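These notes are about the structure you will find just below.
Model, not experiment: these values are computed from the prediction.
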Amino acid sequence: MRRSGLHLTAAEAARELGVSAKALRLYEQNGFLAPLRTAAGWRIYGPSELARAREVAALRRLGMGLAQIKAVLSAGGDNLAAALAAHQAGLERQLDNLAETVRSVEAVRKQTVSVAERTISLELPWPWGGERFELPAITPVTYITGPLGSGKTRLAQAIAEALPDAAFIGLERLADSDAAVQARSDSHLRRLVEQGANLSPAVTALILAIEASQAAALVIDMVEQGLDQATQQVLRRYLRSRPFGKRPLFLLTRSSSILDLSDTSADETILYCPANHDVPMVVAPHKGARGYEAVATCVATPAVRSRTEGVIAFRPSAA
């Protein structure tokens, strides 16, 4: 067929419509267009093809997918208003969801920044009797240890009260959970088991309590309670990998599998509560440092710490 002045080449049609030649080819592949061909086999677009391509391009600019456009055009013009209204409602839902996601991210970011940048300064509770304690920096993981009766649990509770939006997870790890919390907890537990941990009510209760908390920082009492040595070792590695976001963790422990003095990093802090109720101290993890030998003596072998001192309270989700 010879080309007339009313027919445009693919390049000319693309310029006329404000689209690419590739877009015209896509419209053709999806059945919107059937351009004529010249004797040499070149595509040419007449008035009807240009009108249809103009409709498709306009709907594409409104954010419609090709399948939606095909349904609208095949149904006729009477359904266009209804289709556009449905498309608008869908876009508005996406905007609402996106706005909610932005608000959630902003809230978490502000919580994380406010905790990470804050120093801990508090009056120590009994048995210290109001002495001042300051921790100049909060690292991702802080271990709190000390001999029996040293007041480490009271220190941990005081830290949880001093930090903004922090939570203390005690040995009674009771946590109501919805289906989403349960699903996230199950995912963590599967990964722990894959890495060599042994599934038990104690580790299940611990992970569920962590996931159920929305706090910006977590203080966990005797994290190793009821866990065997293999699970403690896997749990230590897992917690250090920050699987629960950037929330600082304060871990009460007396287990050498949780607080391994031979394997600590700059992202970890050790707080030691002396037996004589001196002010708690930050202990550097190397021999010769003040308090190092006391910490090394305090942390018992995993076999000792894995014995459950009482029953771990665990209430599985009703979901």
TODO: May I ask you to test the Ile138-Leu163 pair for a side-chain heavy-atom distance under 4.5 Å?
DONE: yes
Open item on the list: Within the 3.5 Å criterion, strictly below it, is a donor on Glu161 or Gln157 matched to an acceptor on the partner's side chain?
Closed with: no
Task: Salt-bridge criterion met for Glu55 and Arg52 (N-O under 4.0 Å) - done: yes
Task: Donor + acceptor pair across side chains of Thr269, Thr139 (<3.5 Å) - done: yes
Open item on the list: Between Leu62 and Leu91, is there shared hydrophobic-cluster membership here, with clusters defined by ILVMFWY side-chain heavy atoms closer than 4.5 Å?
Closed with: no
Task: Under-4.0 Å salt bridge between Arg240 and Glu268 - done: yes
- [ ] Step by step, work out the side-chain hydrogen bond (donor to acceptor under 3.5 Å, both in side chains) result for Asp267 and Ser265.
- [x] CA-CA 5 Å; Asp267 288 335; Ser265 71; 4.7 Å; no
Open item on the list: Test of understanding: with ring-ring contact (aromatic ring centres under 6.0 Å, His included), list the residues that count as partners of Tyr238, not counting sequence neighbours.
Closed with: His188
Open item on the list: Please report the interatomic distance CD1(Ile144) to CD1(Ile220), rounded to the nearest 0.5 Å.
Closed with: 10.5 Å
- [ ] Name all residues meeting the side chain to side chain contact (heavy atoms under 4.5 Å, CB included) criterion together with Asn30; count only those two or more places apart in sequence or in a different chain, and write none if there are none.
- [x] Leu26, Phe32, Leu66, Lys70
Task: Lys152 side chain vs Cys273 backbone, donor-acceptor pair below 3.5 Å - done: no
Task: Flag, side chain of Glu12 to backbone of Thr9, donor-acceptor distance under 3.5 Å - done: yes
Open item on the list: Between Ile210 and Arg247, does the side-chain contact (heavy atoms from CB on, under 4.5 Å) criterion hold? Intermediate values first, please.
Closed with: CA-CA 11 Å; Ile210 293 174; Arg247 294 186 289 181; 3.8 Å; yes
Open item on the list: Quick one, Leu252 and Val223 - any side-chain contact, counting heavy atoms below 4.5 Å?
Closed with: no
- [ ] Examine distances only and state if a side-chain atom of Glu211 and a backbone atom of Leu208 form a donor-acceptor pair shorter than 3.5 Å.
- [x] no
TODO: Answer whether the closest heavy-atom distance between the side chains of Pro274 and Val279 falls below 4.5 Å.
DONE: no
Task: Close side-chain approach of His7 and Leu36, heavy atoms under 4.5 Å - done: yes
- [ ] With side-chain hydrogen bond (donor to acceptor under 3.5 Å, both in side chains) as the test, would you mind laying out the steps for Ser257 and Arg236 before giving the verdict?
- [x] CA-CA 7 Å; Ser257 279; Arg236 168 182 165 80; over 6 Å; no
- [ ] Please list all pairs passing the side-chain hydrogen bond (donor to acceptor under 3.5 Å, both in side chains) test where one or both residues lie in residues 274-293, with sequence neighbours left out.
- [x] Asn276-Asp278
Open item on the list: Show, in sequence, the C-alpha distance, side-chain angles and deciding distance for Arg254 and Leu148, and conclude whether the side-chain contact (heavy atoms from CB on, under 4.5 Å) test is met.
Closed with: CA-CA 9 Å; Arg254 289 190 63 210; Leu148 293 174; 3.4 Å; yes
TODO: Using modelled atom types only, decide if a donor and an acceptor are shared between the side chain of Thr145 and the backbone of Tyr272 within a distance under 3.5 Å.
DONE: no
Open item on the list: Can you confirm whether Arg190 sits close enough to Val193 that some side-chain heavy atom of one is under 4.5 Å from a side-chain heavy atom of the other?
Closed with: no
- [ ] Measure the spacing between NZ of Lys246 and CZ of Arg242 and express it to the nearest 0.5 Å.
- [x] 7.5 Å
Open item on the list: Going by side chain to side chain contact (heavy atoms under 4.5 Å, CB included), name the residues that satisfy it together with Arg93, two or more places apart in sequence or in a different chain.
Closed with: Ala89
TODO: Check whether any side-chain N or O of Gln233 sits under 3.5 Å from a backbone N or O of Ala230 as a donor-acceptor pair, and report yes or no.
DONE: no
Open item on the list: Applying a strict under-4.5 Å side-chain criterion to I, L, V, M, F, W and Y, I'd like to know whether Trp42 and Tyr27 cluster together.
Closed with: no
TODO: Calculate, to the nearest 0.5 Å, the distance between atoms CG and CG belonging to Leu218 and Leu249 respectively.
DONE: 6.0 Å
Open item on the list: Taking the side chain as everything from C-beta on, heavy atoms only, tell me whether Arg25 gets closer than 4.5 Å to Gln29.
Closed with: yes
Task: Separation of Leu8 CG from Tyr45 OH (nearest 0.5 Å) - done: 10.5 Å
- [ ] Among Gln229, Glu224, Gln232, find the residue that satisfies the side chain to side chain donor-acceptor pair (under 3.5 Å) test when tested with Ser255.
- [x] Gln232
Task: Pair Asp186, Gln182: side-chain N/O donor-acceptor within cut-off below 3.5 Å - done: yes
Task: Thr231 side chain vs Leu227 backbone, donor-acceptor pair below 3.5 Å - done: no
Task: Approximate separation, where rounding is to 0.5 Å, of Leu259 CG and Thr253 OG1 - done: 6.5 Å
- [ ] Quick one: list whatever passes side chain to side chain contact (heavy atoms under 4.5 Å, CB included) with Ala14, sequence neighbours left out.
- [x] Leu24
Task: From CG (Asp228) to CG (Leu235), nearest 0.5 Å - done: 11.0 Å
Task: With sequence neighbours excluded, residues passing salt bridge (Lys or Arg N to Asp or Glu O under 4.0 Å) with Arg237 - done: none
